[in-house]
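These notes are about the structure you will find just below.
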Number of protein chains: 2
Amino acid sequence: MTTASPLSDPRDSGRKAATRTDVARYAGVSSAVVSYVLNNGPKPVAPATKARVLDAVAALHYRPNATARALKRGVADMIGMIVPDSRNPFFAGFVHAIDRAASRRGLTVLVINSDSRREDGSSHISALASHQLDGLVVADTLTEEERALVMSLGVNVVLVNQFRPDSRVVSIGVDFYNGAKEAVAHLIEHGRERVAFVGGDPGVDERERGWIDALGEAGLPPGPRVRGSFSVEAGYAAGQKLAAQRDQLDAVFVASDQLSFGLMAALHEAGLTIPADVAVASFDGSSESRYLCPPLTTVRQPVDEMADAAIDALLDTSRGAAYVDFPTTLIRRQSCGCHPASS
Amino acid sequence: MTTASPLSDPRDSGRKAATRTDVARYAGVSSAVVSYVLNNGPKPVAPATKARVLDAVAALHYRPNATARALKRGVADMIGMIVPDSRNPFFAGFVHAIDRAASRRGLTVLVINSDSRREDGSSHISALASHQLDGLVVADTLTEEERALVMSLGVNVVLVNQFRPDSRVVSIGVDFYNGAKEAVAHLIEHGRERVAFVGGDPGVDERERGWIDALGEAGLPPGPRVRGSFSVEAGYAAGQKLAAQRDQLDAVFVASDQLSFGLMAALHEAGLTIPADVAVASFDGSSESRYLCPPLTTVRQPVDEMADAAIDALLDTSRGAAYVDFPTTLIRRQSCGCHPASS
DNA sequence: CTGAAAGCGCTTACAG
DNA sequence: CTGAAAGCGCTTACAG
C-alpha cells in the first residue's frame with residue numbers, strides 16, 4: 001500500500017520530502033555543513049560552500065524537520081497554553097496576545113482547551129508536556145492535583161489570571177481587588193446605592209471582595225449577589241434573576257465581559273433600560289465591550305503587556321517564583337451612566 | 001551551567017525525566033517490550049511482564065516523548081489549522097469544533113493565526129508543516145502562491161469555508177448562496193423592499209450573489225452595498241455609512257455575525273431602532289448572536305458537523321478532491337422583525 | 001512471548 | 001573551514 005495521498009498535488013505524489021542528507025549530497029558537502037548554514041552556526045562556513053548549500057535547499061524544496069530538531073535539541077521552540085475555553089473572548093484575546101508575543105520570538109503556541117478534554121482527567125496536561133515544550137502558560141483554574149502535575153513536569157510554568165496565585169511559580173495577573181473596587185466606586189459616584197454582584201465561584205474571587213469593600217467604604221450594604229460559571233449563559237441566567245428582584249438594585253458590577261454580555265441581554269428582554277434602570281460596570285475590557293448596547297463600562301486588563309511578561313518569564317529561567325500584578329484601567333462608557341464623549 | 005529551573009518544583013530539580021530505557025531497566029525488560037505495553041502492540045506481552053512495566057512507569061513517573069515518537073513514526077498525531085484571526089467568534093468556534101473533533105481521535109491541534117504572522121510572508125505555513133502533521137485544515141483565504149505552497153507540502157489538506165474552492169483538494173463549506181438567499185427572502189417576507197448588503201471583498205462572495213438574486217426574484221432592485229473586511233470595526237463603519245443614508249434602506253443583510261455586531265452598535269448610536277427602522281439578518285449563527293439586542297436573526301453554519309467532516313477527510317486519504325457543501329439553517333429571532341416566541 | 005539492533009532527521013563535540 | 005560519528009527517545013522488522 002502506497003502512502004501517496006490523492007489530496008496532495010499530483011506532481012508531488014510519490015516524491016518523498018528531501019532530508020538534510022539529500023541536500024548534503026546535492027551540494028557535495030557533509031550534512032554537518034548543511035546544519036551550519038541553516039542555523040548560522042555554530043561553525044563558520046565558506047561563502048562559496050554556503051551558496052551551494054542554499055542552492056541545493058532551493059532546488060530540492062528542502063524544509064527542515066522540526067520534530068528531529070526538537071528531539072536532538074531537547075526543546076521544540078514551542079510553548080503550551082492551557083485555557084478553559086478559547087471561545088471565550090477574554091481567553092481568545094489572551095491566546096492571541098500570547099501567540100503574537102511568542103511569534104516575535106520564533107516560537108509556536110500549542111493551545112489546549114481543557115473544557116473539551118476534561119473527560120480524560122489530567123492526561124491532557126501530560127500529553128501537552130510530552131511535546132518538548134519550552135514552557136507552559138496556564139490560564140486555567142487547576143485542581144490541586146493538576147497543579148502538582150504541572151509542577152512535576154520539568155517544564156517552565158507561568159500562571160496567568162489565577163484567583164489564587166501559587167507561591168511555587170511565576171504568576172501574572174491583574175489587581176482584581178482594586179480594579180473591582182474602582183468600578184464599584186464609580187457606580188457609587190453615579191449615585192447608585194444598591195449595587196449587585198455577578199461573578200464566579202464563591203470565595204476565590206478578589207473582585208467580589210473589591211465590590212464589598214467599595215460599598216462598605218461608602219457606608220453601603222452589599223446588594224444581591226449571583227455566582228456561577230463565567231459563561232454567557234450564566235450571565236443571562238443572572239440577568240433574569242436580578243430582573244426579577246429589580247426593586248433591590250439600581251446597578252450591577254459584573255466580574256467579566258462575557259457575563260455582562262448575557263446579563264445585558266436578559267435585562268433588555270425583561271424591559272429594563274441600561275443605565276437608567278440598572279447601571280452596569282464590568283471587568284476585562286474585551287474589544288467587544290465597546291460594541292454592546294449601550295457601550296459597556298469595564299475594567300480593562302492589559303492583555304498584551306501581560307502576555308509579553310508571561311513569555312519573558314517563561315524564557316528567563318533565572319527568575320524565581322514571583323507574583324506580578326498588572327494595574328487595570330477603568331474604561332468609562334455609557335452602561336454606568338456616563339454620557340458619550342461626543343455628545 | 002545547570003538547566004535546573006527555579007520555576008519547577010524543587011523536589012524535581014536536577015532530576016532528569018525518565019526515558020524508555022530507564023523504564024526498561026527498572027522493569028528488567030527490553031525497551032521494545034516497554035513499547036509493546038504502552039502501545040498495546042504490535043506484539044503481545046505476558047500479563048506478568050506487562051504489570052512489571054506498568055509498575056516501572058508509575059514508579060518513575062515516566063511520560064513518553066511525543067517528539068521521538070513522531071520522528072520515528074513520521075506523523076505527530078497532530079493536525080495544523082490556519083485561521084485569519086482566532087479571536088473572531090466564528091473562527092474561535094470553528095477552531096474549538098476542530099479541536100473537539102480532533103481530540104476525540106487522539107489528535108492535538110496546532111493553530112496558526114495568519115494575521116500575526118503575515119509579515120513573514122508564507123514562511124509560517126512552512127514552519128507549520130515542519131511538524132510532521134497528520135493533516136492541515138485551512139480556514140483562511142490564501143493567495144495563489146500560498147495555495148501552491150500548501151499543496152506542495154506533502155501533507156493532507158482540507159479547505160474550509162473558502163469562497164473559491166480548489167479543485168485539487170477536499171473543500172468543505174456551506175451553501176453561501178442559498179443561505180443568503182433564504183435570509184434576504186425572509187426580510188422581504190417581512191415587507192422590506194430596500195435591503196442593503198454589508199459584506200466582504202468584491203466579487204468573491206456567493207452571499208452577495210444570493211442577496212441580489214433574492215431581491216431580483218421579488219422584482220426588487222439591490223439596495224446600498226458596503227464592502228470591507230470581516231471585522232467588528234468594518235461592521236461599525238458600515239453601520240455609520242448606512243445610517244447616513246437611512247432613507248435608502250429598510251433592512252440589511254450582513255455577511256457575518258461579527259460584522260453585524262459592529263453594525264448594530266453603529267445603528268443604535270445613530271438613533272435607529274432595530275427592526276422597526278432597519279431590519280437585520282446576518283450569517284454564521286455564532287453563539288453570541290442570540291444575546292445581541294435585539295437577538296439576531298442569522299443563517300447558521302453547522303460548524304460541528306463541518307469540523308467532523310474536515311477531520312474525517314484529513315484522515316481518510318483514499319478520498320479524492322471534492323467539494324462538500326453543508327446546508328444552512330435560518331434562525332429567526334427579533335432583528336428581522338419576527339416576534340419573540342414567548343410573547 | 002521477548003530482545004538486539006537499525007533507523008527516523010537532526011545537532012554538535014571532536015578531530016582534522 | 002569541513003567532516004565522521006555519536007546520540008536525542010522512540011518503533012518495529014527480524015530473529016529467536
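Throughout, a chain's letter reflects where its sequence line sits, starting with A, and its residues are numbered from 1. Hydrogens, waters and symmetry mates are skipped; everything else that's a heavy atom, side chains included, is used.
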Self-check item: Donor-acceptor contact present, side-chain B:Asn156 to main-chain B:Leu314, <3.5 Å
Solution: yes
Self-check item: Selected nucleotide, minimal atom distance to A:Val33 side chain, candidates C:dG9, D:dT2, C:dG3
Solution: D:dT2
Practice problem: Report the distance from atom NZ of B:Lys50 to atom P of C:dT2, rounded to the nearest whole Å. | Solution: 12 Å
Quiz item: Between atom OH in B:Tyr62 and atom P in D:dG9, what is the gap in whole Å?
Solution: 10 Å
Quiz item: Between A:Arg20 and A:Ala46, who's closer to the 5' end of DNA chain D by nearest nucleotide?
Solution: A:Ala46
Exercise. Assign A:Thr19 to base, sugar-phosphate, or nothing according to its heavy-atom contacts below 4.0 angstrom with the strands shown.
Key: sugar-phosphate
Quiz item: Whole-Å distance between D:dG9 P and B:Leu60 CG?
Solution: 14 Å
Quiz item: Testing A:Ile112, A:Asn88, A:Asp140, A:Asn113 for side chain to side chain contact (heavy atoms under 4.5 Å, CB included) with A:Val83, which one passes?
Solution: A:Asn113
Quiz item: Looking only at side-chain N and O atoms, does B:Ser35 come under 4.0 Å of OP1 or OP2 in D:dC10?
Solution: no
Quiz item: Say you draw a straight line from NE2 of B:His131 to CG of A:Leu110; how long is it, rounded to the nearest 0.5 Å?
Solution: 9.5 Å
Self-check item: Nearest-nucleotide 5' precedence on DNA chain C, B:Pro44 against B:Arg73
Solution: B:Pro44
Quiz prompt | B:Asn65, nearest nucleotide to its side chain (from D:dT2, D:dC10, C:dT12) | solution = D:dC10
Quiz item: What is the distance, rounded to the nearest whole Å, between atom NZ of A:Lys72 and atom P of C:dC8?
Solution: 16 Å
Quiz item: Looking at B:Arg69, does any N or O in its side chain come under 4.0 Å of the phosphate oxygens OP1/OP2 on D:dT11?
Solution: yes
Quiz item: What integer number of Å spans the C1' atoms of C:dT12 and C:dG16?
Solution: 16 Å
Quiz item: Is there a donor-acceptor pair under 3.5 Å between the side chain of A:Asp134 and the backbone N or O of A:Ile79?
Solution: no
Self-check item: Distance, nearest 0.5 Å, that separates OG1 of B:Thr141 from CD of B:Glu146
Solution: 10.0 Å
Self-check item: Base partner of D:dA15, which must satisfy Watson-Crick or wobble distances under 3.5 Å
Solution: C:dT2
Quiz item: Under 4.0 Å between a Lys/Arg side-chain N and an Asp/Glu carboxylate O for A:Arg104 and A:Asp308?
Solution: yes
Quiz item: At under 4.0 Å between heavy atoms, what does B:Val29 touch on the DNA or RNA strands: base, sugar-phosphate, or nothing?
Solution: sugar-phosphate
Exercise. Give A:Thr49 one of three labels, base, sugar-phosphate or nothing, depending on what nucleic acid heavy atoms sit under 4.0 Å from its own.
Key: sugar-phosphate
Quiz item: C:dG9 P sits how many Å from A:Gln132 CD, rounded?
Solution: 17 Å
Quiz item: Base, sugar-phosphate, or nothing for B:Ala32, non-hydrogen atoms under 4.0 angstrom?
Solution: base
Short N/O separations, protein against nucleotides 14-16 of chain C, under 3.5 angstrom:
unit_1	atom_1	unit_2	atom_2	d
C:dC14	N4	A:Lys43	NZ	2.3

Practice problem: Measure from CG on B:Leu71 to P on D:dT11 and round the result to the nearest Å. | Solution: 11 Å
Quiz item: Which nucleotide, D:dG7, C:dG3, D:dT11, lies nearest any side-chain atom of B:Ser31?
Solution: D:dT11
Quiz item: When the distance from CG of B:Asn39 to P of D:dA13 is rounded to whole Å, what number comes out?
Solution: 12 Å
Quiz item: Does B:Arg52 come within less than 4.0 Å of B:Asp55, counting only side-chain N to carboxylate O?
Solution: no
Exercise. Quick one: do B:Phe90 and B:Gln301 satisfy side chain to side chain contact (heavy atoms under 4.5 Å, CB included)? Show the steps, please.
Key: CA-CA 10 Å; B:Phe90 177 71; B:Gln301 302 199 43; 3.3 Å; yes
Self-check item: Atom-pair distance (NE2 on B:His131; P on C:dG9), nearest Å
Solution: 16 Å
